Amino acid sequence: MRSLLFVPGDSEKKLEKAAACEADALIVDLEDSVAPANKAAARAIAANWLCAHRDDIRATLFIRINDLSSGLADDDLAALVPMRPDAIMLPKSNGGHDVQQLAVKLRVQEAQNGLPDGRIRILPIITETAAGVLAAASYASASKRLAGLTWGAEDLSAVLGARPARNDDGGYTDVFRLVRSMTILAAAAADVAAIDTVFPNFRDMAAFEAECIEAERDGFTGKMAIHPAQVPVINAAFTPSAEAIRHAQAVIAAFEAAGNPGVVGLDGKMIDRPHLRLAQRLLTRAKAAGAI
């Protein structure tokens, strides 16, 4: 998944618009984009819309439920699991134990709705609480349902009492650079995808594109979006280029031709097995994006 687009669950109009865009995944949101007084209505609107359109949705379908401490998560699951989502986004996750708790709830819901055990995966947001940041390593063996790891800055800002998470030049301050890096490391430790957080200023497309390019360079495999206009930029940035694909194919071919040794020569340079692994991962992403 390259692009994951948030859509408020209480707006049928926005759900219709989002379904027509080229996002790899839709995140039907029952949490932050829905006012507290509108939570029940959002469940009903989202469930009714998905009941009518679920089989027509090409994108991977996520539901962002309310966090486990909110008292709303069980009602969210009861209303939306019957709509056969591909995954649940878990906000304000405090560690692998929260993923495990959600996994138990999903197993019950799957059984009650005639879905295969383990069908619904989990994508936790791991940096919205201080405890979650410090527990980043706990996701590595949390659950086979783990679809990836992602992060967010806004909720953590409120927890820390920090003023804007970004400097005047648009870059993150030290704390938020740290949690961004921890997300990449935690995802690598768990062998799952690292998904970059949103870019709130959807009108500044130049800065947004630069952030996408930087995220892909650093190891993220996708990025969340808050507006359909951001989706094409994300898809372009996270789709390997033709040149990168050719190089990756050449690396793999060089190792195969040499009998898979520890080191080979290519274009006058010595490359070792970490380069092979990187090439294999790039080609996997390219195939998923339809680039090869």
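Along the sequence shown, residues carry numbers from 1. On a predicted model such as this, the values are computed, not experimentally measured, just so you know.
Using modelled atom types, one finds no donor on one side chain facing an acceptor on the other under 3.5 Å when comparing Arg285 with Thr221. Counting only N and O atoms by type, the side chains of Thr239 and Asn235 include no donor and acceptor under 3.5 Å apart.
Between Val133 and Ile126, the closest side-chain pair of non-hydrogen atoms is not below 4.5 Å. Looking at heavy atoms from C-beta onward, Ile234 lies in side-chain contact with Phe208 at the 4.5 angstrom threshold. Residues Cys21 and Leu5 are in side-chain contact: their nearest non-hydrogen atoms beyond the backbone lie under 4.5 Å apart. Side-chain contact check for Phe199 versus Lys223: some heavy-atom pair is nearer than 4.5 Å. Looking at Leu30 and Arg64, their side chains never come closer than 4.5 Å, going by heavy atoms from C-beta outward. Side-chain contact between Phe62 and Leu26 is absent, with no heavy-atom pair separated by less than 4.5 Å.
Among residue pairs with one or both ends in residues 139-154, those qualifying as salt bridge (charged side-chain N to carboxylate O under 4.0 Å, His left out) are Glu110-Arg145, Asp117-Arg145; sequence neighbours excluded. Each salt bridge (charged side-chain N to carboxylate O under 4.0 Å, His left out) pair with one or both residues in residues 4-22, not counting sequence neighbours, would appear here, but there are none. Every pair passing side-chain hydrogen bond (donor to acceptor under 3.5 Å, both in side chains) that includes a residue from residues 83-94 is listed here, sequence neighbours excluded: Glu31-Lys92, Arg54-Asp86, Asp55-Arg84, Lys92-Asp155, Ser93-Tyr139, Asn94-Thr129.
More than 12 heavy atoms of other residues, nucleotides or ligands shown are found within 6.0 angstrom of CG on Asp56. A 6.0 Å sphere centred on NE2 of His227 holds more than 12 heavy atoms belonging to other residues, nucleotides or ligands.
Distance alone, capped at 3.5 Å, is enough to place a donor-acceptor pair between the Asp204 side chain and the Ala207 backbone. With Lys105 contributing its side chain and Asp74 its backbone, the two residues share no donor-acceptor pair below 3.5 Å. Side-chain N or O atoms of Asp29 include one that pairs as donor or acceptor with a backbone N or O of Ser33 at under 3.5 Å. Distance alone, capped at 3.5 Å, is enough to place a donor-acceptor pair between the Asn113 side chain and the Gln109 backbone. The main-chain N or O of Ala244 is never found under 3.5 Å from a side-chain atom of His247 such that the two would form a donor-acceptor pair. The closest donor-acceptor contact from the side chain of Gln249 to the backbone of Ala279 lies at 3.5 Å or more, if one exists at all. Under a 3.5 Å cut-off, the side chain of Asp24 and the backbone N or O of Arg2 do form a donor-acceptor pair.
Ile226 and Pro200 get closest at one heavy-atom pair: CD1-O, 3.2 Å. Across all their heavy atoms, Ala79 and Ala47 have their closest contact at O-CB, 3.8 Å. The heavy-atom pair separating Gly9 from Leu15 by the smallest distance is O-CD1, 4.2 Å. Between Ser11 and Ile45, the shortest heavy-atom contact is N-CG2, 4.3 Å. Of all heavy-atom pairs between Leu68 and Asp98, the closest is CD1-O, 3.6 Å. A pairwise comparison of heavy atoms in Val81 and Pro85 identifies O-CD, 3.5 Å as the closest pair.
One distance of note links OG1 of Thr127 with CG of Leu134; it measures 11.5 Å at 0.5 Å rounding. Of the inter-residue distances, the one linking Ile65 atom CD1 with Asp75 atom CG reads 11.0 Å to the nearest 0.5 angstrom. Atom-to-atom distance recorded for Ile88:CD1 and Asp76:CG is 8.5 Å, nearest 0.5 angstrom. Atom CG of residue Asp32 and atom CG of residue Asp67 lie 9.0 Å apart, to the nearest 0.5 angstrom. If you take CG on Leu4 and OG1 on Thr60, they are separated by 8.0 Å, rounding to the nearest 0.5 Å. Here OG of Ser70 is found 7.5 Å from NZ of Lys39. Values are rounded to the nearest 0.5 Å.
Clustering ILVMFWY residues whenever any of their side-chain heavy atoms sit less than 4.5 angstrom apart, transitively, puts Leu115 in the very cluster that holds Leu102. A single hydrophobic cluster is not seen to contain both Met224 and Leu146; linkage of ILVMFWY side chains at heavy-atom distances under 4.5 Å, directly or through other members, places them apart. Hydrophobic clustering (ILVMFWY, side-chain heavy atoms < 4.5 Å, transitive): Ile195 and Ile27 are in one cluster. Linking ILVMFWY residues whenever their side-chain heavy atoms come closer than 4.5 Å, directly or via other members, leaves Val179 and Val192 in distinct clusters. No path of Ile, Leu, Val, Met, Phe, Trp and Tyr side chains, each step under 4.5 Å between heavy atoms, connects Ile57 with Leu123, placing them in separate hydrophobic clusters.
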Exercise. Is there a side chain to side chain contact (heavy atoms under 4.5 Å, CB included) between Ile184 and Asp218 once you walk through the steps?
Worked result: CA-CA 8 Å; Ile184 298 174; Asp218 290 345; 4.1 Å; yes
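Scored by the side chain to side chain contact (heavy atoms under 4.5 Å, CB included) test, Ala215 finds Arg180, Asp196, Phe220, Phe238 as partners (sequence neighbours excluded). With sequence neighbours left out, Arg121 forms a side chain to side chain donor-acceptor pair (under 3.5 Å) with no residue at all.
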When the side chains of residues 162-170 are checked against the rest of the protein, which donor-acceptor pairs come out under 3.5 Å, sequence neighbours left out?
from	atom 1	to	atom 2	distance (Å)
Arg166	NH1	Gly170	O	2.9
Arg166	NH1	Glu211	OE1	2.8
Arg166	NH2	Tyr172	OH	2.8
Arg166	NH2	Glu211	OE1	3.1
Arg166	NH2	Glu211	OE2	3.3
Asn167	ND2	Tyr172	O	3.4
Asp169	OD1	Gly171	N	2.9

